[in-house]
Amino acid sequence: EVQLVESGGGLVQPGGSLRLSCAASGFTFSTSGMNWVRQAPGKGLEWLSYISISGSSAYYADSVRDRFTISRDNAKNSLYLQMNSLRAEDTAVYYCARDLRADAYDIWGQGTLVTVSS
Amino acid sequence: AIQMTQSPSSLSASVGDRVTITCRASQEIRNDLGWYQQKPGKAPKLLIYAESTLQSGVPSRFSGSGSGTDFTLTISSLQPEDFATYYCLLSGTFGQGTRVEVK
C-alpha cells in the first residue's frame, strides 16, 4: 500500500523545538521529491518546504526559512522537518506530501498536529 | 512572488448542479496549476494538475481549464461526495480555498 505516515507532533512551548518524521512505503521514496505542508486550525493550506531527490536542494516558505530545516534519509525511506524557535502561529496540522511535479502532490500523509503554547 | 486569488470563498449548490471555481494569478504562468479537494479532518487529495490533466482515479465530472492568469475548476454535475473545500496550487502557493456547501 502506498502511504506516508507522519509522527513527532505534540505540545511544545514557544521558543521550543520539535522534529517531525514522515515514513514512506509502497513507492520508491529515493526517486521522489518531497514537501511539507501545514494547515492552521480552521485555515487554508500553506506550503512550507521542498527537498530534492538526493537532498542536495531544499526550498522554504518565507514564514519558516531560517527556523525550519527539511532533510531526508533515503536508506530509511524517511523525511524529516526540524522545527526550531517555534511560535504560537506555527500551531497546525503538518502534512508530508510526495512531489509528482510542482503543482501535483499526489500522495499525502494523514497529518500530525503541532501545538505551540505555554 | 506570484499571488493567487481564488474565488468564490464559498458557494452553496445542490446535487446535480454545475460548479465553477476560479483561481487568478498575479502574472501570466505556464500550465503548472493543480487543484485539490479536502474534506474535514482529512488530507488534501490531488484532482487535477498541469491545468487540465485528471489525476488517476478522479471522476471525469471534474475538469480544469484556463491559461495565462485565469484558471477554472469545473464540476459538471455535483455529487453528494463532492461537498468539500477546494484549493488551487501554483509554484508553492495555495489559493485561499473554496468551500462547497449544500444549498
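Just so it is clear: chains get the letters A, B, ... in the order the sequence lines come, proteins before strands, and each one is counted from 1.
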Shortest non-hydrogen contact from [X] toward [Y]:
{"X": "A/W108", "Y": "B/A43", "answer": "CB-CB, 3.8 Å"}
{"X": "A/Q39", "Y": "B/Y87", "answer": "NE2-OH, 3.4 Å"}
{"X": "A/D103", "Y": "B/L46", "answer": "O-CD1, 4.2 Å"}
{"X": "A/L100", "Y": "B/Q55", "answer": "CD2-OE1, 4.4 Å"}

Are more than 12 heavy atoms from other residues, nucleotides or ligands located less than 6.0 Å from atom [atom1] of [X]?
{"X": "B/K39", "atom1": "NZ", "result": "yes"}
{"X": "A/R67", "atom1": "CZ", "result": "yes"}
{"X": "A/R65", "atom1": "CZ", "result": "yes"}
{"X": "B/E81", "atom1": "CD", "result": "yes"}

Same cluster or not: [X] versus [Y], using hydrophobic residues (I, L, V, M, F, W, Y) connected whenever any side-chain heavy atoms lie under 4.5 Å apart?
{"X": "A/Y94", "Y": "A/V12", "answer": "yes"}
{"X": "A/I107", "Y": "A/M34", "answer": "yes"}
{"X": "B/L73", "Y": "B/V100", "answer": "yes"}
{"X": "B/F71", "Y": "B/I2", "answer": "yes"}

Within this structure, what is the CG-CG distance for the pair A/L45 and B/L89, rounded to the nearest 0.5 Å?
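Answer for the CG-CG pair, A/L45 versus B/L89, is 9.0 Å.
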
Side-chain heavy-atom pair B/Y49, A/D106 within 4.5 angstrom cut-off
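The answer is no; the side chains never approach within 4.5 Å.
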
So B/P44 and A/Y105, do their side chains get closer than 4.5 Å, heavy atoms only?
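Not touching, per the 4.5 Å side-chain cut-off.
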
Under 4.5 Å from any heavy atom of chain B, what part of A/A102 do you find: side chain, backbone, both or neither?
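Just its backbone gets close to chain B.
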
Which region of A/V37, side chain (C-beta onward) or backbone (N, CA, C, O), has a non-hydrogen atom less than 4.5 Å from a non-hydrogen atom of chain B, or is it both or neither?
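For A/V37, the contact with chain B is made by the side chain alone.
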
Please determine, among B/S91, B/G97, B/G34, B/A50, the option with the most heavy-atom pairs under 4.5 Å with chain A.
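Top option by heavy-atom pairs under 4.5 Å: B/A50.
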
Looking only at heavy atoms and a cut-off of under 4.5 Å, which of B/T93, B/I48, B/L90, B/L33 has the most pairs with chain A?
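Greatest number of close heavy-atom pairs with chain A: B/L33.
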
Contact origin within B/Q38 toward chain A - heavy atom pairs under 4.5 Å
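Looking at B/Q38, just its side chain touches chain A.
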
